[in-house]
Amino acid sequence: MEAVILAGGMGTRLSQVVKDIPKPMAPINGRPFMSFVLEWLISYPVEKIILSLGFKSEIIRSYFGESFLGIPIEYVVEDKPLGTGGAVKYAARFTESDNLLVMNGDTYFPINLKEFYDFHIENENHFSVALKRLTDFDRYGSVEYSGDKIVSFREKEFCSDGLINGGIYFINRDYLESKKLPEIFSLEYDLMEKEAGEGILKAKIFDDVFIDIGIPADYLRASELFSDNLLSET
């Protein structure tokens with residue numbers, strides 16, 4: 001299994017509490033947030049990690065080096081912002097697997113990757129999405145889901161109970177290459193939203209803790225959860 005991790009974000013909304021570093025490097029109790037993500041990831045049979053970088057990439061490269069706990073790391077640095085889709089498409093050139101694991105470096109969603117991979121392979125999916133159920137939220141758009149297929153994505157609005165895109169995907173290489181996508185595009189808006197309702201996007205719901213450090217309130221929550229060792233209880 002090869003994992004592509006998108007870690008090029010500037011963290012604009014976090015700038016009041018974390019300045020001048022890539023968002024995945026935001027410190028959590030003395031460690032970069034992404035180190036917790038990588039620890040979870042390599043508990044599964046990952047052969048290589050590809051970090052897709054942009055803003056101040058040298059900070060990430062100098063911290064993690066050529067490997068993380070024995071798992072090789074390769075770096076792909078954007079010369080210009082490519083969008084989430086463009087970043088995935090570019091990073092895929094440095095992989096060999098038929099199916100790519102794609103995830104975000106600023107989100108901690110420790111799902112059962114084996115279960116998710118089996119779901120993707122056994123159903124011969126082109127594009128699999130890990131979903132998370134939330135209550136009383138308005139920060140994320142919601143996902144309409146039927147059977148194992150994503151029907152549509154809804155804009156951000158208050159939702160008392162619903163599903164969100166957890167930001168972890170398995171994408172079939174042949175499918176990705178067949179789309180003839182531009183150099184710069186959004187994975188979410190330019191590909192996923194267009195494929196919704198076409199039977200291409202398959203999804204599986206996971207109940208694991210979901211932490212997205214994109215805003216100060218959730219960044220502080222992450223610090224509390226990791227420091228108090230509450231993750232195993234959530």
Inter-residue atom distance Leu41.CG - Met1.CE, 0.5 Å rounding:
8.0 Å
Note: Asp161-Arg133 ion pair, threshold 4.0 Å (strictly below)
yes
Tell me, please, which residues at least two apart from Phe137 pass side-chain contact (heavy atoms from CB on, under 4.5 Å).
Leu134, Tyr140, Ser142, Cys159, Ile164
Hits for salt bridge (charged side-chain N to carboxylate O under 4.0 Å, His left out) against Lys56, two or more places apart or cross-chain, chain-then-number order -> none
Smallest heavy-atom separation, Ala222 atom then Ile211 atom, equals CB-CG2, 3.6 Å
Fit a plane to each ring of Phe116 and Phe170, take the angle between them on a 0 to 90° scale, and name the class: parallel (under 30°), tilted (30 to 60°) or perpendicular (over 60°).
tilted
Please check if the side chain of Asn112 supplies one atom and the backbone of Glu115 the other of a donor-acceptor pair under 3.5 Å.
yes
Identify whether Tyr169 and Leu181 are in the same connected component of the hydrophobic contact network (ILVMFWY, side-chain heavy atoms under 4.5 Å).
yes
Write down the atom of Thr107, the atom of Phe33, and the distance for their closest heavy-atom approach.
N-CE2, 3.5 Å
Closest non-hydrogen atom pair, Val77 against Ser57
CG1-OG, 3.8 Å
In the structure I gave you, are the side-chain heavy atoms of Met34 and Phe68 within less than 4.5 Å of one another anywhere?
no
Co-membership, hydrophobic cluster, residues Ile60 and Leu69, 4.5 Å side-chain
yes
Does anything in residues 73-84 pair up under side chain to side chain donor-acceptor pair (under 3.5 Å), and if so which pairs, sequence neighbours excluded?
Lys48-Glu74, Lys80-Glu183, Thr84-Glu188
Return the CG to CD distance between Asn29 and Glu224, rounded to the nearest 0.5 Å.
10.0 Å
Are the aromatic rings of Tyr117 and Tyr44 close, with centres under 6.0 Å apart?
no
If you take all heavy atoms of Phe109 and Ala130, which pair is closest and at what distance?
CE2-CB, 4.1 Å
With Phe226 as reference, evaluate Trp40, Tyr219, Tyr108 under the ring-ring contact (aromatic ring centres under 6.0 Å, His included) test and give the passing residue.
Tyr108
Any side-chain heavy-atom pair of Val4 and Ile171 under 4.5 Å:
no
Do Asp212 side-chain atoms and Gly214 backbone N/O form a donor-acceptor pair below 3.5 Å?
yes
The criterion is side-chain hydrogen bond (donor to acceptor under 3.5 Å, both in side chains); which residues satisfy it with Ser152, sequence neighbours excluded?
Glu144
Measuring from atom CD1 of Ile150 to atom CD of Glu198, what distance do you get when rounded to the nearest 0.5 angstrom?
13.0 Å
Kindly give the heavy-atom pair with the smallest separation between Lys132 and Asp207, and that separation in Å.
NZ-O, 3.2 Å
All heavy atoms of Ala91 vs all of Ile50, minimum pair found to be CB-CG2, 4.1 Å
In a table with atom names and distances, give each donor-acceptor pair under 3.5 Å that connects a side chain of residues 93-101 to protein atoms at least two apart or in another chain.
from: Thr95; atom 1: OG1; to: Ala92; atom 2: O; distance (Å): 2.8
from: Thr95; atom 1: OG1; to: Arg173; atom 2: NH2; distance (Å): 2.5
from: Ser97; atom 1: OG; to: Glu2; atom 2: OE1; distance (Å): 2.7
from: Asn99; atom 1: OD1; to: His120; atom 2: NE2; distance (Å): 2.7
from: Asn99; atom 1: OD1; to: Asn172; atom 2: ND2; distance (Å): 3.3

Side-chain contact test, heavy atoms from C-beta onward, threshold under 4.5 Å: evaluate it for Lys179 versus His126 and give yes or no.
no
Got Val129 and Val143 here, is their nearest side-chain heavy-atom distance under 4.5 Å?
no
Side-chain heavy atoms under 4.5 angstrom apart, residues restricted to Ile, Leu, Val, Met, Phe, Trp, Tyr: same cluster for Tyr63 and Ile213?
yes
Atom OG of Ser128 and atom CD1 of Ile121: how far apart are they, to the nearest 0.5 Å?
8.0 Å
Check whether any side-chain heavy atom of Pro81 lies under 4.5 Å from a side-chain heavy atom of Ile184, and answer yes or no.
no
What distance separates Ile71 CD1 from Phe64 CZ, expressed to the nearest 0.5 Å?
14.0 Å
Can you name the salt bridge (charged side-chain N to carboxylate O under 4.0 Å, His left out) partners of Lys114, sequence neighbours left out?
Asp118
Compare all side-chain heavy atoms of Lys23 with those of Phe55 and state whether any distance is below 4.5 angstrom.
no
Polar side-chain atom of Tyr189 near backbone of Leu191 as donor-acceptor pair, under 3.5 Å
no
